[in-house]
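What you are looking at is a predicted structure, and each value in this text was computed from that prediction instead of being measured. In what follows, every chain begins at residue 1, and chains take the letters A, B, ... in the order their sequences are listed. Basis for what follows: all heavy atoms, side chains included, without hydrogens, waters or symmetry-related copies.
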2 protein chains.
Amino acid sequence: MAVQVDESHARTRILEAARQEFFKKGYEGARMQAIADAAGINKALLHYYFNNKETLFNEIFEASFRKFIPHVEEMIMQEEDIFIIIKKFVHAYISLMQSQPSLPLFLFHEINKDADRVFKLIFNNAQPTMMLHLFQKVDKAQKKNLIKPIRFEQLVMNIMSMCVFPFLAKPMMQRVMSFTDSVFDDMMEQRKQLVADFIIDSIQIKNIQ
Amino acid sequence: MAVQVDESHARTRILEAARQEFFKKGYEGARMQAIADAAGINKALLHYYFNNKETLFNEIFEASFRKFIPHVEEMIMQEEDIFIIIKKFVHAYISLMQSQPSLPLFLFHEINKDADRVFKLIFNNAQPTMMLHLFQKVDKAQKKNLIKPIRFEQLVMNIMSMCVFPFLAKPMMQRVMSFTDSVFDDMMEQRKQLVADFIIDSIQIKNIQ
DNA sequence: GTCTATATTCAGATAGAC
DNA sequence: GTCTATCTGAATATAGAC
């Protein structure tokens with residue numbers, strides 16, 4: 001007898017509908033009615049599966065937040081060439097954004113409203129160690145005179161900026177610079193290479209002989 | 001007889017309180033009660049000055065949006081050296097963000113919810129021509145072989161990313177990389193120089209003789 | 001212009017039938 | 001599990017005194 005293994009269709013549809021609604025509108029802007037409609041059910045059933053709006057939200061938020069920090073720790077630890085690390089990091093981040101384009105705006109908006117609440121919700125799991133590993137590799141490369149002496153935090157800001165910002169600013173940029181969705185997609189695909197090159201070009205110490 | 005020239009204190013205080021509340025919480029998250037409290041008045045008086053929440057919001061949104069595009073058109077038109085243009089552009093943008101740190105998140109969030117509504121509200125005034133002027137200068141510099149052949153849109157993305165993103169990601173970055181407000185402020189001050197150099201380093205064609 | 005008190009609206013939540 | 005109908009509460013908005 002199939003002990004209900006399959007996440008009954010309704011529950012799954014609710015989660016997907018809720019994710020989209022919360023991502024687009026934020027917590028307060030999201031409507032339970034809209035979620036129910038998108039999932040093809042009614043509000044009562046929503047409350048049957050998830051007691052209330054906050055429960056539903058938290059479930060989605062936690063899962064989303066974990067995704068925002070890409071799983072590249074192992075790669076960083078194993079790889080020695082700092083330029084390859086940067087290339088792979090950029091690639092991983094842009095790919096993540098492509099698969100979840102409205103994730104960062106959602107996260108930043110919620111964090112902005114109440115950072116403490118958010119981080120309490122998240123950091124029962126310990127602080128991610130990715131940054132530490134990255135720092136060590138950058139530090140080593142600087143000591144070997146492979147890259148210029150830029151402050152680590154500034155370098156990370158630059159990399160993350162160029163990977164994530166376009167997805168935050170997309171609707172605005174599209175208006176100001178008049179390009180279509182398809183052009184945007186092409187640009188983002190290009191950026192996997194372009195951003196990595198851009199970073200490397202600017203930090204690399206070129207030995208001119 | 002002083003024909004009420006002075007924007008009676010209350011109205012000014014309301015606008016300032018409302019700006020902060022809307023910037024932090026977004027339209028739906030903002031509370032008229034909170035605005036009234038912060039302005040040191042009560043809700044009824046809010047409705048006396050501004051008929052309703054939406055009116056108040058629109059007033060603030062329009063003014064904010066205009067600010068987001070810095071007034072650098074004249075500078076761009078007059079200056080010939082593309083590297084100086086970039087330096088001044090970066091400086092202007094970061095300075096703007098320093099004076100209005102939560103402006104971009106607010107704008108992007110509201111635009112994300114309903115881009116059409118927002119742009120209808122804004123673009124009675126014509127499309128800003130800044131981008132066009134900037135494009136022409138970049139194009140000219142490329143034809144003179146001063147800078148590498150990067151696509152214009154990508155270059156703009158890179159510049160804006162590095163100027164604006166840190167202010168969007170601040171609370172998140174502070175957690176992940178553990179730095180204080182004062183360190184953040186110092187970093188942003190540094191970035192006026194650093195970002196400009198970073199960009200120029202990566203697009204400049206160096207004539208090695 | 002500013003207030004207290006009250007009305008209205010609407011979204012989240014519940015009761016209960018099937 | 002799923003629905004219709006209803007309740008509750010919170011937030012916006014208004015009436016009207018001073």
* **Side-chain donor-acceptor contact under 3.5 Å, B/Q20 with B/K25** => no
* **Lys/Arg cation over aromatic A/F184: A/K170, 6.0 Å, 45° cone** => yes
* To do: Report yes if some heavy atom in the side chain of B/N112 is under 4.5 Å from a heavy atom in the side chain of A/F106; otherwise report no.
  => no
* **Residue list, ring-ring contact (aromatic ring centres under 6.0 Å, His included) with B/F135, at least two apart or on another chain** => B/F152
* Going by distance alone, is a donor N or O of one side chain under 3.5 Å from an acceptor N or O of the other, for B/N52 and B/T55? -> yes
* Distance in angstrom units between B/L45 CG and D/dT14 C1', rounded -> 14 Å
* Check whether any side-chain heavy atom of B/K24 lies under 4.5 Å from a side-chain heavy atom of A/K113, and answer yes or no. => no
Write out a two-atom table: protein N or O, nucleotide N or O from nucleotides 16-18 of chain D, distance below 3.5 Å.
none

* If you check the A/Y49 side chain, which of C/dA13, D/dG1, D/dA13 turns out closest? -> D/dG1
* To do: Please determine if a side-chain N or O atom of B/N42 lies less than 4.0 Å away from the OP1 or OP2 oxygen of C/dT4.
  => yes
* **Closest nucleotide among C/dA13, C/dC3, D/dA13 to the A/K43 side chain** => C/dA13
* Just how far, in rounded Å, is C1' of C/dC10 from NZ of A/K53? -> 12 Å
* To do: Quickly work out the A/M32 CE to C/dT14 C1' distance and round it to whole Å.
  => 13 Å
* Asked: Rounded to whole angstrom units, what separation is found between the CZ atom of A/R11 and the P atom of D/dT2?
  -> 12 Å
* To do: Give the rounded distance in Å between these two atoms: CZ of A/R13 and C1' of D/dT2.
  => 11 Å
* Which whole-number value in Å describes the distance from A/N52 CG to D/dC7 C1'? -> 17 Å
* Just wondering, more than 12 heavy atoms not from A/Q193 lying within 6.0 Å of its CD? -> no
* Structure fact -> note: A/F57, atom CZ; C/dA11, atom C1'; distance rounded to Å ~ 17 Å
* Is A/I41 touching bases, backbone alone, or none of the nucleic acid, heavy atoms closer than 4.0 Å? -> sugar-phosphate
* Asked: When you check the phosphate oxygens OP1 and OP2 of C/dA13, does a side-chain N or O of A/H47 lie under 4.0 Å from one of them?
  -> yes
* **B/Y48 or A/A30, whichever maps to the more 5' nucleotide of DNA chain C** => B/Y48
* Structure fact -> Taking for A/R31 and for A/N51 the nucleotide of DNA chain C with the nearest heavy atom, the one nearer the 5' end belongs to A/R31
* Spacing between B/I14 atom CD1 and C/dT2 atom C1', to the nearest angstrom -> 11 Å
